[in-house]
**Student:** 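Dumping the structure here so I can ask a few things about it.
Worth knowing before you read on, the calculation uses all heavy atoms, side chains too, and leaves out hydrogens, waters and symmetry mates. By convention here, the first residue in the shown sequence is residue 1.
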Amino acid sequence: MKRLFFKMLLTAVLSMFAFQGHGQCEMSIKDFYIAYMNNLENDETSNVKLLQSHMSPELIAKLKSSAQQLDADAVIHAQDVCKHCIQSLTVVPLKENWYMVKYKWDPQSDYTCIPVKATETDGRLIILDISAADTIDLGVNTSD
C-alpha cells in the first residue's frame, strides 16, 4: 500500500512539474510577442535585438526572406499591429513544442493564427520556427 501511495505521489509531482514547464513556455512566447508588438508601435529597431536573443541566425534569415516575399512581417503575419492585437493575444499549446499564437484586430475579426515551435532552455525562450498557419497540420481549429 505504501508503494502504491508513493508511486501515485511521485506521478502527481512529476505531472505538476511537466505542466508547469509547459505553461511557462506559453507565457514566455506571449511575453515575446507582446514585446515584439509593442516595439513595432514604439521602436521597431528594438526587435532586432529581441529576435537575436530568441532565435538562430538561420531562422531570422528565413523570416526576413518570408517577409520580403509576402510583404508582411513574418513574425506577426501582418504589416502592423494595434492595441487590440496586443490585448487579444493568446498562446495555445499544441503538440511536440508547437504553440498557436492567436490575436484579433478587433472583437469582430477572425483570429490571425501563427504556429510557433519553441522551447525553454535554462529559463530562456528559444523560438525554433514560425510557420504559416496553412503550411503545417497541428490538429487545431484556428477559428475559435
**Student:** Flag the pair Asp110 / Trp105 as yes when at least one side-chain heavy-atom distance between them is below 4.5 Å, and no otherwise.
**Tutor:** no
**Student:** Under 4.5 Å between any side-chain heavy atoms of Tyr33 and Asn38, yes or no?
**Tutor:** no
**Student:** Side chains of Ser46 and Asp43: any donor to acceptor distance under 3.5 Å?
**Tutor:** yes
**Student:** Is Ser65 reaching over with its side chain to a backbone N or O of Ala61, donor-acceptor style, under 3.5 angstrom?
**Tutor:** no
**Student:** With heavy-atom distances below 4.5 Å as the criterion, would you say the side chains of Asp106 and Ser109 are in contact?
**Tutor:** yes
**Student:** Count I, L, V, M, F, W, Y as connected when their side-chain heavy atoms are under 4.5 Å apart, and connections chain through other members. Are Val101 and Leu50 then in the same cluster?
**Tutor:** yes
**Student:** Is there a path from Ile126 to Ile114 through hydrophobic residues (I, L, V, M, F, W, Y) whose side chains come within less than 4.5 Å of each other?
**Tutor:** no
**Student:** Can you check whether Tyr103's main-chain N or O pairs, donor with acceptor, with Ser88's side chain at less than 3.5 Å?
**Tutor:** no
**Student:** To the nearest 0.5 Å, tell me how far Asn47 CG sits from Met37 CE.
**Tutor:** 10.5 Å
**Student:** Taking Arg124's backbone N and O only, do any of them form a donor-acceptor pair with Asp122's side chain (distance below 3.5 Å, no angle check)?
**Tutor:** no
**Student:** Rounded to the nearest 0.5 Å, what's the gap from NZ on Lys49 to CG on Asn39? Could you check?
**Tutor:** 11.5 Å
**Student:** Contact between Ile127 and Leu125 at the side-chain level, heavy atoms closer than 4.5 Å - yes or no?
**Tutor:** yes
**Student:** Are the side chains of Pro93 and Trp98 in touch, meaning some heavy atoms are under 4.5 Å apart?
**Tutor:** no
**Student:** With the 4.5 Å side-chain cut-off for hydrophobic clustering, are Leu40 and Ile86 part of the same group?
**Tutor:** yes
**Student:** So do His84 and Pro107 actually touch side chain to side chain, heavy atoms under 4.5 Å?
**Tutor:** yes
**Student:** Taking 4.0 angstrom as the limit, do Lys117 and Glu96 come out as a salt bridge?
**Tutor:** no
**Student:** I need the minimum non-hydrogen distance between Val91 and Glu26, along with the two atoms involved.
**Tutor:** O-OE1, 3.6 Å
**Student:** May I have the step-by-step check of side-chain contact (heavy atoms from CB on, under 4.5 Å) for Tyr99 and Lys30, ending in yes or no?
**Tutor:** CA-CA 10 Å; Tyr99 300 84; Lys30 185 172 183 174; over 6 Å; no
**Student:** With a cut-off of 3.5 Å and sequence neighbours excluded, list every side-chain donor-acceptor pair involving residues 68-75.
**Tutor:**
unit_1: Asp71; atom_1: OD2; unit_2: Gln79; atom_2: NE2; d: 3.4
unit_1: Asp73; atom_1: OD1; unit_2: Tyr36; atom_2: OH; d: 3.1
unit_1: Asp73; atom_1: OD1; unit_2: Val75; atom_2: N; d: 2.8
unit_1: Asp73; atom_1: OD1; unit_2: Ile76; atom_2: N; d: 3.4
unit_1: Asp73; atom_1: OD2; unit_2: Tyr36; atom_2: OH; d: 2.6

**Student:** Less than 4.5 Å apart, any side-chain heavy atom of Gln87 and any of Lys104?
**Tutor:** no
**Student:** Any sub-3.5 Å donor-acceptor pair from His77's side-chain atoms to Thr112's backbone N or O?
**Tutor:** no
**Student:** For a quick test of reading the model, state the closest non-hydrogen atom pair linking Ile34 to Leu89 and the distance between them.
**Tutor:** CG1-CD2, 3.8 Å
**Student:** What is the minimum heavy-atom distance between Met55 and Leu63, and which atoms define it?
**Tutor:** SD-CD1, 3.6 Å
